[in-house]
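Everything below concerns the one structure shown next.
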Amino acid sequence: MEEKKTIFSGVQPSGNITLGNYLGAIKNWIDLQENYNCIYAMMDMHAITVRQNPQELRKRTLDLLKIYIACGIDPEKSLLFIQSQVPAHAQLAWVLNCFTYMGELSRMTQFKDKCAKHADNINAGLFTYPVLMAADILLYQADLVPVGKDQMQHIEITRDIAQRFNALYSGEGKPVFTMPEGFLPKAGAKVMSLAEPTKKMSKSDENPKAYISILDDFNVIANKIKSAITDSEGVIEYRPDDDTKAGINNLLTIMSAVTGREIEKIAEEYSTKGYGDFKKDVAEAVVEEIRPIRTRYDELSGNKDYLMDICKKGAEEAGKIAGRTLSKVYKKVGFVM
Ligand code: TRP
């Protein structure tokens with residue numbers, strides 16, 4: 001029997017999990033559980049590359065776990081764990097730091113963006129962020145990494161680092177690291193900001209009207225959608241290459257992602273209707289999608305022991321897998337074992 005391929009991905013608990021995180025990432029991870037060996041982590045070590053409030057980070061990390069489970073990630077099928085609870089991530093990251101060049105790290109788009117945004121805190125962790133991410137992926141010998149487009153450059157550098165290490169140390173034998181591949185899940189919708197629809201919906205946006213949090217009250221969600229920026233043309237049409245239509249394109253994308261219907265079909269259905277009616281229906285569809293997630297989320301909130309147990313078991317299991325890779329690496333580089 002062919003062995004199942006391994007999938008690894010994760011989200012940083014650095015802000016409110018948005019509708020964009022859900023539709024673009026987490027929702028697509030659910031189906032993968034059936035045919036792959038899935039590992040999904042909470043990336044709290046990445047989160048501290050920008051300043052976090054400690055109480056909030058702790059809370060958000062567990063909130064993220066609840067959201068994963070509430071969205072349908074089954075802890076019996078997938079391995080769930082908190083990055084900082086598995087020391088091998090920091091350990092492998094150090095080794096890989098010594099196999100990554102300053103030049104390649106300084107070319108990373110996300111690094112440049114974050115430097116511009118956090119000019120008062122351009123720390124070394126922000127610079128070596130991609131190396132920690134490479135460690136996350138390579139420790140589990142992941143074959144596939146479902147990520148958004150903005151993370152593809154990080155997958156590329158992970159491959160470069162893996163390739164370099166393998167070329168130096170694998171010799172005739174089996175490569176030390178499996179070469180991972182990034183993939184954009186087909187159904188993964190790229191959800192844009194409701195306030196500036198040419199920008200990606202971001203959980204760290206300063207304007208709370210720009211994003212929908214999975215944990216927003218239902219009437220807040222509806223109001224945010226109703227006040228989403230559109231255009232003055234007054235025509236519901238899907239024109240993905242026309243930036244003046246970015247707002248309507250985005251609402252159509254959201255509607256399609258939550259209903260599973262084709263964008264063109266939805267656009268046709270609303271072609272004679274006004275923006276107000278359309279927004280009302282989008283709001284309703286989004287709320288209906290989130291409602292059962294919220295019910296499960298609230299149930300989990302009352303069950304802290306269960307959550308802590310998942311973290312503990314997850315970290316143990318992840319530690320075993322990661323430890324095997326780390327031992328190989330330590331041997332290869334010449335550490336006394
Ligand atoms: N950098 C990713 C993001 O911001 C989060 C992340 C950290 C990640 N390590 C990872 C994603 C490993 C996939 C695999 O979205």
Side-chain angles (χ1 to χ4, degrees), residues 5-29 32 36-50 52 57 60-61 64-65 67-68 73 78-86 88-93 96-97 100 105 108-114 117-118 125-162 177-185 188 190-191 200-205 211 314 318 321-322 325:
K5 288 196 167 167
T6 297
I7 285 197
F8 185 97
S9 198
V11 173
Q12 297 184 60
S14 53
N16 298 303
I17 297 303
T18 68
L19 184 67
N21 296 123
Y22 171 64
L23 295 177
I26 303 171
K27 187 174 158 90
N28 305 290
W29 297 353
L32 298 170
Y36 298 90
N37 188 4
C38 293
I39 308 173
Y40 300 123
M42 290 145 275
M43 303 305 187
D44 55 347
M45 290 166 72
H46 279 104
I48 63 162
T49 55
V50 302
Q52 302 289 337
L57 179 61
R60 283 188 165 145
T61 304
L64 180 57
L65 173 63
I67 290 173
Y68 279 167
I73 296 175
S78 297
L79 176 53
L80 294 171
F81 73 94
I82 300 174
Q83 185 186 29
S84 64
Q85 295 189 339
V86 181
H89 290 249
Q91 292 169 302
L92 182 61
L96 297 182
N97 264 322
T100 308
L105 289 174
M108 303 304 288
T109 320
Q110 188 172 299
F111 173 65
K112 290 191 249 174
D113 289 350
K114 287 203 175 164
K117 233 172 115 186
H118 305 278
L126 208 51
F127 190 62
T128 59
Y129 179 114
V131 182
L132 179 59
M133 182 156 161
D136 297 336
I137 297 167
L138 299 175
L139 277 172
Y140 301 90
Q141 308 288 352
D143 299 287
L144 294 170
V145 187
V147 282
K149 232 194 203 146
D150 64 310
Q151 294 296 315
M152 274 305 173
Q153 201 185 19
H154 287 154
I155 307 297
E156 284 311 312
I157 197 172
T158 300
R159 291 169 57 88
D160 291 342
I161 297 168
F177 296 126
T178 301
M179 199 54 80
E181 256 169 67
F183 86 101
L184 303 162
K190 186 166 182 203
V191 178
K200 188 180 150 184
M201 182 179 282
S202 164
K203 57 181 175 244
S204 47
D205 205 306
Y211 62 83
I321 305 171
T325 302

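Remember, it's 1-based here, ligands and their atoms both numbered in the order they're listed. Being a predicted model, the structure only gives us computed values, none of them experimental.
Annotation: ligand 1 has protein neighbours Phe8, Ser9, Gly10, Gln12, Met43, His46, Tyr129, Met133, Asp136, Ile137, Val145, Val147, Gln151, each with a heavy atom less than 4.0 angstrom from the ligand.
Side-chain rings of His89 and Tyr140 approach one another, their centers coming within less than 6.0 Å.
In summary, the side chains of Gln141 and Thr325 do present a donor paired with an acceptor at a separation below 3.5 Å, with no hydrogens or angles considered.
The side chain to side chain donor-acceptor pair (under 3.5 Å) check on Asp44 picks up Ser84, with sequence neighbours excluded. In this structure Asp113 satisfies the salt bridge (Lys or Arg N to Asp or Glu O under 4.0 Å) test with no other residue, sequence neighbours excluded. With sequence neighbours excluded, the residues forming a side chain to side chain donor-acceptor pair (under 3.5 Å) with Thr18 are Asn21, listed by chain and number.
Of all non-hydrogen atoms in Arg159 and Glu181, the two that sit nearest each other are NH1-CG, 3.6 Å.
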